[in-house]
Q: 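Submitted below is the structure of interest, expressed as structure tokens.
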Amino acid sequence: MPAHRVFALTDGVMAIAMTLLVLDIEVPDGLRGAELREALGQSLSQVGTFLLSVVVIALFWRAHHAVLRGVEWIDTRLFWLNVAFLALVSLIPFPTSVLADYGDEFVGPGLYGTVIGTASTVLYAMEVDIRRHTAGAWWRGAPPPAQALVFLLSVGIATVSPTAAIYSWAAAIPLAALENRIAARLRRG
């Protein structure tokens with residue numbers, strides 16, 4: 001299958017997943033004055049998780065395009081890895097909603113960390129598969145997936161402290177920067 005078809009499907013799934021995120025932000029009808037202000041205040045967690053997931057999906061979209069850069073044809077294995085990745089991205093609105101409603105319980109950050117960590121792992125598997133076929137040595141330019149490790153480890157943290165699990169996701173930022181530096185070194189030789 002030509003890669004441009006996979007890019008088109010991926011772009012569409014990402015756009016729909018982002019759009020679906022906003023549907024969970026709700027304020028009851030018919031409120032006025034203090035009740036309306038209180039309802040808007042309570043919707044802040046929904047807005048926060050919406051923004052978090054928009055950024056996560058945007059980063060997945062960017063990473064997906066980077067992983068498939070230069071690929072012209074998609075074989076069967078890569079096709080199914082991509083389908084698995086897109087299924088997980090399509091699922092993101094659900095754990096986002098659960099996180100907004102149950103961020104203070106294990107299920108909120110636990111489910112979110114599982115879905116994001118698994119999607120990151122599948123994207124990494126796609127990169128390894130591509131590099132194995134094109135570069136001959138999969139370890140060159142494909143460092144361990146920092147984001148996957150952070151989000152999957154946060155599931156364990158959530159069993160002890162859901163709040164700590166959510167804060168642990170910030171570790172993905174410096175680890176991603178380190179991952180990029182490692183990848184650059186591996187590509188140089």
Side-chain angles (χ1 to χ4, degrees), residues 10 13-28 31 35-67 81-82 84-128 142-183:
T10 300
V13 168
M14 298 280 186
I16 291 169
M18 278 185 169
T19 303
L20 291 175
L21 290 170
V22 78
L23 297 178
D24 281 329
I25 301 174
E26 297 178 1
V27 176
L31 300 178
E35 287 181 317
L36 176 59
R37 285 189 294 279
E38 184 179 332
L40 287 172
Q42 291 175 351
S43 70
L44 286 179
S45 70
Q46 294 171 332
V47 172
T49 55
F50 162 79
L51 293 173
L52 170 67
S53 291
V54 164
V55 169
V56 166
I57 292 172
L59 291 173
F60 273 145
W61 177 79
R62 182 175 174 227
H64 181 272
H65 279 270
V67 165
L81 283 169
N82 195 71
F85 174 71
L86 294 178
L88 290 161
V89 168
S90 298
L91 188 60
I92 290 174
F94 174 65
T96 300
S97 178
V98 173
L99 181 63
D101 294 338
Y102 301 100
D104 59 345
E105 296 181 35
F106 165 76
V107 69
L111 181 60
Y112 195 86
T114 298
V115 171
I116 302 305
T118 304
S120 296
T121 302
V122 172
L123 187 60
Y124 178 70
M126 291 171 63
E127 182 175 14
V128 168
Q147 295 85 351
L149 296 174
V150 167
F151 279 94
L152 292 173
L153 286 174
S154 78
V155 175
I157 295 169
T159 62
V160 177
S161 171
T163 303
I166 293 169
Y167 285 120
S168 75
W169 299 337
I173 297 166
L175 287 175
L178 179 61
E179 179 182 337
N180 289 337
R181 293 176 96 180
I182 292 169

Q: Would you please name every residue forming a side chain to side chain contact (heavy atoms under 4.5 Å, CB included) with M126, sequence neighbours left out?
A: H64, V67, L68, L78, L81, N82, F85, L123
Q: Looking at side-chain heavy atoms only, is the closest gap between F60 and I116 below 4.5 Å?
A: yes
Q: Can you check whether L99 reaches I166 side chain to side chain, under 4.5 Å on heavy atoms?
A: yes
Q: Just verifying a value: how many Å separate Q147 CD and I173 CD1, rounded to the nearest 0.5 Å?
A: 10.0 Å
Q: Which heavy-atom pair separates S90 from V13 by the least distance, and what is that distance?
A: OG-CG1, 3.4 Å
Q: What I'd like to find out is whether the side chain of L21 reaches to under 4.5 Å of the side chain of I57, using heavy atoms alone.
A: yes
Q: Give the minimum heavy-atom separation between P93 and L20, together with the two atoms involved.
A: CG-CB, 3.9 Å
Q: For L91, what residues pass the side chain to side chain contact (heavy atoms under 4.5 Å, CB included) criterion, not counting sequence neighbours?
A: F94, P95, V115
Q: My understanding is that only residues two or more places apart in sequence, or in another chain, count here; which of them pass side chain to side chain contact (heavy atoms under 4.5 Å, CB included) with A84?
A: V122
Q: If you take all heavy atoms of G110 and A158, which pair is closest and at what distance?
A: N-CB, 4.1 Å
Q: Among pairs that include at least one residue of residues 156-177, which meet side chain to side chain donor-acceptor pair (under 3.5 Å), considering only residues two or more places apart or in two chains?
A: S154-W169
Q: Go through F50 and D24 one step at a time and tell me if the side chain to side chain contact (heavy atoms under 4.5 Å, CB included) criterion holds.
A: CA-CA 8 Å; F50 162 79; D24 281 329; over 6 Å; no
Q: Quick one, L152 with T118, criterion side chain to side chain contact (heavy atoms under 4.5 Å, CB included). Give me CA distance, side-chain angles, the key distance, then yes/no.
A: CA-CA 7 Å; L152 292 173; T118 304; 4.2 Å; yes
Q: Sequence neighbours left out, what pairs pass side chain to side chain donor-acceptor pair (under 3.5 Å) with at least one residue falling in residues 36-57?
A: E38-Q42, S53-T96, S53-Y112
Q: Please report the shortest heavy-atom distance between E105 and P162, naming the atom on each side.
A: C-CG, 3.6 Å
Q: I'd like to check the side chain to side chain contact (heavy atoms under 4.5 Å, CB included) partners of V155; sequence neighbours left out, ordered by chain and number.
A: F106, T114
